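Working notes, beginning with the structure itself.
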Amino acid sequence: MSLADDIYYTLRNRILRGELPPGTALREEYLSEELRVSRTPLRKALTQLTAEGYLVKGRDRTLRIPQISESELIDTLEARKLVEIASVQKAALRAAAEDMERLEHFIWDEEEAMKMHDSVLVSSIDRMFHNYLGQMSGNGVFYDFIGQLGYKVSLFLALSDTLGDVISEALKEHRGILQAIKLKMPDSAAAAMKAHLDNVERRILESVKRREERRESVAEALPRQKRRNKRRAAKAK
């Protein structure tokens with residue numbers, strides 16, 4: 001692994017763990033000093049992160065962790081539903097015994113990662129579960145598209161802080177999808193996938209709303225605190 005790759009994974013994992021919240025600016029001079037690396041491999045890593053959507057460039061050309069756009073989230077998940085529902089129907093018809101065993105292992109690994117509170121590993125295994133369903137469909141375009149959308153969805157999950165305890169709900173939904181595949185019931189598999197992706201969207205939107213409400217509450221509290229501090233200072237005189 002090159003130094004640029006090492007920097008890339010270090011920064012990407014910080015984002016996926018929620019250590020760098022939405023809106024955080026990443027400046028080359030500070031990162032170079034913090035990570036003790038030169039600018040050349042750092043720029044290469046930042047370029048890759050930007051290309052994959054983990055970073056965005058503002059009007060001032062500063063790289064930042066992206067804010068979640070509700071419209072982009074809804075559009076992304078709408079596209080994901082269309083592809084993954086069609087994909088899982090084909091997967092249910094084509095599934096072999098070894099495929100179902102592989103899916104079982106993904107779910108088991110995800111449960112273990114959740115117990116360890118390793119959000120990066122949870123996110124990675126979640127992508128592998130969905131990617132493998134795309135591979136099982138036998139449609140290469142489905143598989144490629146699911147893989148591309150998977151990185152964006154992982155970012156949404158991390159930025160909305162929905163890679164924590166609520167993952168247990170997603171695991172139950174994964175098991176429902178697997179059960180329908182085991183029964184060779186494509187319509188049931190499609191319904192289970194739709195329910196799962198609907199719930200993913202709901203959980204992210206609810207989390208974003210709660211975060212926005214907390215931000216507004218803090219913003220409203222600051223002026224009140226300033227007024228109280230002024231009154232205390234006046235009384236002290």
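Not measured: the values here are computed from a predicted model.
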> When Met136 is tested against each of Leu93, Leu103, Asn131, Val88 for side-chain contact (heavy atoms from CB on, under 4.5 Å), which residue passes?
Replying inline: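 One option only clears the test, and that one is Leu103.
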Salt-bridge present ([X], [Y]; N to O < 4.0 Å):
X	Y	result
Arg203	Glu173	yes
Arg12	Glu52	no
Asp198	Lys194	yes
Glu201	Arg80	no
Glu70	Lys209	no
Glu206	Arg202	yes

Taking atom [atom1] of [X] and atom [atom2] of [Y], what is their separation to the nearest 0.5 Å?
X	Y	atom1	atom2	result
Leu73	Lys152	CG	NZ	10.5 Å
Ile177	Lys182	CD1	NZ	13.0 Å
Lys81	Met193	NZ	CE	12.0 Å
Ile74	Leu205	CD1	CG	5.5 Å
Gln48	Leu55	CD	CG	11.0 Å
Met114	Met116	CE	CE	11.0 Å

Check: [Y] and [X] side chains under 4.5 Å, non-hydrogen atoms:
X	Y	answer
Leu157	Ser123	no
Leu31	Leu11	yes
Ile65	Tyr54	no
Asp126	Glu110	yes
Glu111	Arg175	yes

> Parallel, tilted or perpendicular for His196 and His174, by the 30°/60° rule?
Replying inline: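 His196 vs His174 ring planes: perpendicular.
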Between the main-chain N or O of [Y] and the side-chain N or O of [X], is there a donor-acceptor pair closer than 3.5 Å?
X	Y	answer
Asn199	Ala195	yes
Thr62	Gly58	no
Ser160	Phe156	yes
Thr24	Leu20	no
Ser32	Glu28	no
Arg14	Glu19	no
Ser87	Val83	no

Taking everything shown except [X] itself, do over 12 heavy atoms lie less than 6.0 Å from its [atom1]?
X	atom1	answer
Glu98	CD	yes
Met185	CE	no
Glu101	CD	no

Where [X] and [Y] come nearest, the two heavy atoms and their spacing:
X	Y	result
Ala189	Ala92	CB-CB, 4.1 Å
Ala4	Lys44	CB-CD, 3.7 Å
Pro22	Gln67	CB-OE1, 3.4 Å
Ala190	Ile85	CB-CG2, 3.7 Å
Ile146	Gly134	CD1-CA, 3.8 Å

hydrophobic_cluster_shared for [Y] and [X], side chain cutoff 4.5 Å:
X	Y	answer
Tyr8	Tyr30	no
Val153	Leu16	yes
Tyr9	Ile125	yes
Leu121	Ile107	yes
Val122	Ile15	yes

>> Is a donor from one side chain sitting under 3.5 angstrom from an acceptor on the other, for Ser71 and Ser69?
In response: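 Short answer, yes.
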> Do any pairs count as a side chain to side chain donor-acceptor pair (under 3.5 Å) and have a residue in residues 134-151, sequence neighbours left out, and if so which ones?
Replying inline: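 Found none.
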>> Using the rule given for salt bridge (charged side-chain N to carboxylate O under 4.0 Å, His left out), can you reason through Glu169 versus Lys172, listing the C-alpha separation, both sets of side-chain angles and the distance that settles it, and then say yes or no?
In response: CA-CA 5 Å; Glu169 297 176 26; Lys172 291 177 185 176; over 6 Å; no
>> Assess the residue pair Ile7 and Val37 against the criterion (side-chain contact (heavy atoms from CB on, under 4.5 Å)); give the C-alpha distance rounded to whole Å, side-chain angles, the decisive distance to 0.1 Å, and a yes or no.
In response: CA-CA 9 Å; Ile7 298 168; Val37 295; 3.8 Å; yes
>> Between Ser2 and Asp5, is the side chain to side chain donor-acceptor pair (under 3.5 Å) condition met? List the steps.
In response: CA-CA 5 Å; Ser2 69; Asp5 290 335; 3.1 Å; yes
